[in-house]
Amino acid sequence: MTAEALVHSVLDSLAVRSDFPALQQTVRGGKRLVYLDNAATSQKPRAVIDAVQKFYERDNGSVHRGVYELSERATAVYEGARKKIARFLNAKDAREIVLLRGTSEAINLVAYTYGRKNVRAGDEILITEMEHHSNIVPWQMLCEATGAVLKVAPITDAGEVDLQAFEKLLSAKTKIVSAVYVSNSLGTVNPIAQMSALAHAAGAVMIVDGAQAAPHFLVDVQAIGADFFAFSPHKMYGPSGIGALYGRYELLDAMPPFLGGGHMISNVTFAKTTYAKPPAKFEAGTPNMEGAAGLAAAIDYVQALGIDAIDAHEQLLLKYATDALAKVAGLRIIGTAARKVGVVSFVLDGVHPHDVGSILDRHGVCVRAGHHCTQPVMERFKVPATTRASFGVYNTMEDVDALVEGLAAVRKVFS
Ligand code: PLP
């Protein structure tokens with residue numbers, strides 16, 4: 001079987017592509033749109049767009065509050081999405097799913113509430129060198145507020161966590177370990193269950209930044225030993241502005257609230273307010289109901305394609321792209337871990353990644369150029385930035401070929 005035939009045997013990406021209205025357009029004067037920026041955000045299938053529209057057309061009403069039919073329907077949509085996420089991530093209970101804006105807000109919530117309650121001066125928080133800024137800055141803010149110390153586990157030249165160094169940095173002082181499951185700039189899939197086990201053996205809680213994991217392979221928060229797990233559905237064909245935090249119920253229950261306001265209370269008087277139980281305790285204000293409708297549709301969409309088929313499809317594209325890019329003169333791939341998702345970051349000798357991105361754009365190829373909100377990774381590999389191609393369900397080998405042809409055009413401009 002040819003590689004092309006093999007790709008089509010696991011996922012019919014051309015049929016899948018037709019599900020996405022945005023991908024039917026041409027750009028830059030008639031060029032076929034080649035969308036390779038899925039690690040930043042994915043395009044949305046018709047089913048997700050329709051679910052959001054249907055919510056507005058039929059079900060919009062005051063969630064959790066009303067006594068009328070529309071309000072009941074809005075509540076059913078919203079709480080139905082929570083149950084769907086719980087099943088998708090294999091949480092024990094839907095009450096362990098807090099709906100909020102996305103991974104950044106989820107990590108900030110844990111740092112602000114769990115962190116301020118449980119971390120003291122001299123305690124340590126361990127992260128890795130490959131974290132997104134969303135999993136660095138909230139911990140620095142917590143350290144500033146409490147006098148705790150941030151420790152960073154180094155990564156190897158391949159872009160893998162140095163597990164021996166990680167283990168050595170753990171001690172009785174470590175209260176929190178927070179690590180990315182999949183690196184957005186390197187593509188590395190971390191041995192997160194092993195890291196959780198080490199964190200727990202040291203007595204720390206384990207927070208997993210799952211922003212880049214859930215779109216690509218089956219996630220089981222219980223199997224990986226996550227105490228908290230953050231999720232951004234806009235990277236998984238769902239709407240932006242909605243996301244989820246999974247937290248073990250006992251931990252959520254013991255945490256103080258994050259934002260104050262409507263819905264997160266049990267009783268309010270001017271003398272004293274008592275709080276609702278989780279997850280309501282962490283969901284002040286009117287939430288993104290239409291986003292919940294779209295998010296539920298996104299989960300249905302990936303499950304209908306089959307998460308294992310998605311994984312297999314992206315692995316084939318990753319291999320095809322890695323082999324093709326290795327043949328481009330002067331190109332160096334940053335991030336060569338043994339286990340990766342479909343993310344290829346690279347630098348091209350003598351050409352700034354922003355120029356690479358701009359010239360590719362003229363050919364209809366959308367990639368990300370920059371530090372990808374992982375400046376310490378750029379520093380580790382001594383590059384100012386990289387160009388990153390990241391794959392999703394609708395990408396094909398033809399897309400990879402367009403990328404490689406675009407790079408030949410970049411070479412011509414800079415020769
Ligand atoms: N963590 C990782 C690994 C990411 O790739 C991203 C987004 O690119 C985030 C966190 C932040 O996610 P969001 O912007 O959806 O809050």
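Computed from a prediction, not measured in an experiment: that's the story for all the values here. First listed ligand is number 1; within each ligand, the first listed atom is number 1.
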Notebook entry, point to check: Are H133 and H371 close enough that their ring centres sit under 6.0 Å apart?
Noted result: yes
Note to self: Is it true that Q43 and Y237 share a donor-acceptor pair across their side chains at a distance under 3.5 Å?
What the structure shows: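 Checked: Y237/Q43 side chains show no N/O donor-acceptor pair below 3.5 Å.
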Checklist line | Pair D19, Y301: side-chain N/O donor-acceptor within cut-off below 3.5 Å | finding: yes
Among all protein heavy atoms in this structure, tell me which lies nearest to [atom], with the distance rounded to 0.1 Å.
{"atom": "atom 8 (O) of ligand 1", "result": "K235 NZ, 2.6 Å"}
{"atom": "atom 16 (O) of ligand 1", "result": "S104 OG, 2.7 Å"}
{"atom": "atom 4 (C) of ligand 1", "result": "H132 CD2, 3.3 Å"}

Notebook entry, point to check: Looking at side-chain heavy atoms only, is the closest gap between V161 and M130 below 4.5 Å?
Noted result: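 Answer yes - side chains close enough.
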Check: Mind checking whether S358 and D361 have side chains closer than 4.5 Å, heavy atoms only?
Finding: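 When only atoms from C-beta onward are counted, D361 and S358 do not touch, as no gap falls below 4.5 Å.
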Next item on the list: Evaluate side-chain hydrogen bond (donor to acceptor under 3.5 Å, both in side chains) for Y78 paired with D59, printing each intermediate quantity in order.
Entry: CA-CA 11 Å; Y78 194 71; D59 301 328; over 6 Å; no
Next item on the list: Check each atom of ligand 1 against the heavy atoms of N184 and keep those under 4.0 Å away; list them by number with element.
Entry: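 Listed by number with element: 3 (C), 5 (O).
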Check: Short list, please: which atoms of ligand 1 are under 4.0 Å from a heavy atom of S232?
Finding: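 Counting from 1, the qualifying ligand atoms are 12 (O), 13 (P), 15 (O), 16 (O).
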Margin query: Does only the side chain of A211 get under 4.0 Å from ligand 1, or the backbone, or both, or neither? Count heavy atoms.
Written below: side chain
Notebook entry, point to check: So which of R368, Q212, R101 gets nearest to atom 5 (O) of ligand 1, if we judge by its closest heavy atom?
Noted result: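 Residue with the shortest heavy-atom distance to the ligand atom: Q212.
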Margin query: Which option wins on minimum heavy-atom distance to atom 3 (C) of ligand 1: I242, I136, D209?
Written below: D209
Quick check on [X] - does any of its heavy atoms sit under 4.0 Å from an atom of ligand 1?
{"X": "H372", "result": "no"}
{"X": "H234", "result": "yes"}
{"X": "V180", "result": "yes"}

Next item on the list: Anything under 30° is parallel, anything over 60° is perpendicular, the rest tilted; go ahead and classify F88 against F231.
Entry: tilted
Margin query: Between D37 and R388, does any NZ, NE, NH1 or NH2 come within less than 4.0 Å of an OD or OE carboxylate oxygen?
Written below: yes
